[in-house]
Amino acid sequence: MQKRAFVQSTSATVKVFAAAGSWIESDAVAQCHQVAALDGMIHVAGMPDLHPGKGAPIGAAMASSVLYPLLVGSDIGCGIAVFPIRLKRVVPERVAARFPDLDKPVDPDDLAGADIPAGYTDSLGTVGRGNHFVELARVDGVLDAGHASRLGLSGGDLVLIVHSGSRGLGERILRAHTEVHGAGPAPDPAAYLEMHDAAVRWGALNRRLMAARVAEALGAEVTEPIVDVCHNSVEIRDGVYLHRKGAAPGDGGDVLIAGTRGTHSYLVAAHAGPEAGHSVAHGAGRKMSRADALRRGKAKHTVEELRRTPVGSLVVCGDRQLLFEEAPTAYKRIEQVIGDLVGHGLATPVVTTVPVVTYKTADLGPRKGGRR
DNA sequence: ATGTAC
């Protein structure tokens, strides 16, 4: 036991929602306990996709009496939305070739009159990097037919899944805080929350813009999303600040829990209580650092097998390093994560989706896409 | 995850 300081500090409770057999990186659990020791912290709930992040764990809901911007992170408002889409003929190669360039922002002139949160038009309509993606997927397994029907989903239906956030806006908001206050709490929570809320709205708009861009490029119609859940945020809940970093609000709504670029994703009905921070996992969760995934991936995979996955989908990604970092083998098995949520009574699967074409970043020219 | 620096 470590020697206690003279004044006994009260540490928050920590609970990780993973079965004994589910591997969780010890660094991530250690991060949860570091967070638990912060002033004002009340409870830390680790999701089954828990993994280490920069300064704070990813896949955690953290409740405290003070607001810590670092526990939301830089990608404030990042989330996953699901848009039903109708297409006549779906040949992955054709769809991939027709995908728009989502690395280039939309022309601000095209948004004349639109309400752009924070007036931030840089990179609006772009997907970003890291684990972000825009995916045409097909509903595969229907696990709760009644619930799926209420969402208007049947087996074989196509959906666009958009995972992206607030790009440079959220990063700017966090940096403005950390430059003055470091990892400390927000001295003026209301002022932070105002900027945070703008970034959340910006992220939601960004996801809609991307869905519209893709639909237009594919000659399809797109409507409002049936699911749109932000997993990096803070809210006042039961009188305290509930921070979520890589954790989706999971108390009554539906959530798309992303698998990987070569495996299924799960749309679930979430029903998490206070012990789970009213939250569920947001994805499969990395099991390898990006550096490890790159090193091991290069030894294990060819570029071709990462671009054409075992489920027959295509991955549009002109960045070879990103392709390795995001290889399905760098992530935990999504079935394990879902199983842990179900096992703890936090979620009920509704449908699974299988990727058809996943856009990560603009493809290389035909000449540049050689082996390895 | 990001914009920027190396």
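All chains are named by letter (A, B, ...) in the order of the sequence lines, taking the proteins before the strands, and each is independently numbered beginning at 1.
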Extract from the structure each pairing of a protein N or O with an N or O of nucleotides 3-6 of chain B at less than 3.5 Å, listing the distance.
| from | atom 1 | to | atom 2 | distance (Å) |
| --- | --- | --- | --- | --- |
| dG3(B) | OP1 | G168(A) | N | 3.4 |

Using atom [atom1] of [X] as one end and atom [atom2] of [N] as the other, report the distance to the nearest whole Å.
X	N	atom1	atom2	result
L174(A)	dT2(B)	CG	C1'	10 Å
R172(A)	dA1(B)	CZ	C1'	16 Å
R129(A)	dT2(B)	CZ	P	9 Å
R207(A)	dA1(B)	CZ	P	14 Å
D319(A)	dT2(B)	CG	C1'	14 Å
I76(A)	dT2(B)	CD1	C1'	12 Å
E325(A)	dT2(B)	CD	P	12 Å
K245(A)	dT2(B)	NZ	P	11 Å

I need the full list of side chain to side chain donor-acceptor pair (under 3.5 Å) pairs touching residues 173-185 of chain A, with sequence neighbours left out, sorted by first then second residue. E171(A)-R175(A)
Looking at residues at least two apart in the chain, or sitting in another chain, which of them share a side chain to side chain donor-acceptor pair (under 3.5 Å) with D27(A)? none
Those residues at least two apart in sequence (or on a different chain) that pass salt bridge (charged side-chain N to carboxylate O under 4.0 Å, His left out) with E305(A) are none
Contacts of E326(A) that satisfy salt bridge (charged side-chain N to carboxylate O under 4.0 Å, His left out) - sequence neighbours left out: R286(A), R290(A), K360(A)
Pairs flagged by salt bridge (Lys or Arg N to Asp or Glu O under 4.0 Å) wherever residues 74-100 of chain A is involved - sequence neighbours left out: E93(A)-R308(A)
In terms of the angle between their ring planes, are Y68(A) and H243(A) parallel, tilted or perpendicular, with boundaries placed at 30° and 60°? tilted
With sugar-phosphate meaning primed atoms plus P, OP1 and OP2, does N232(A) contact a base, only sugar-phosphate, or nothing at under 4.0 Å between heavy atoms? nothing
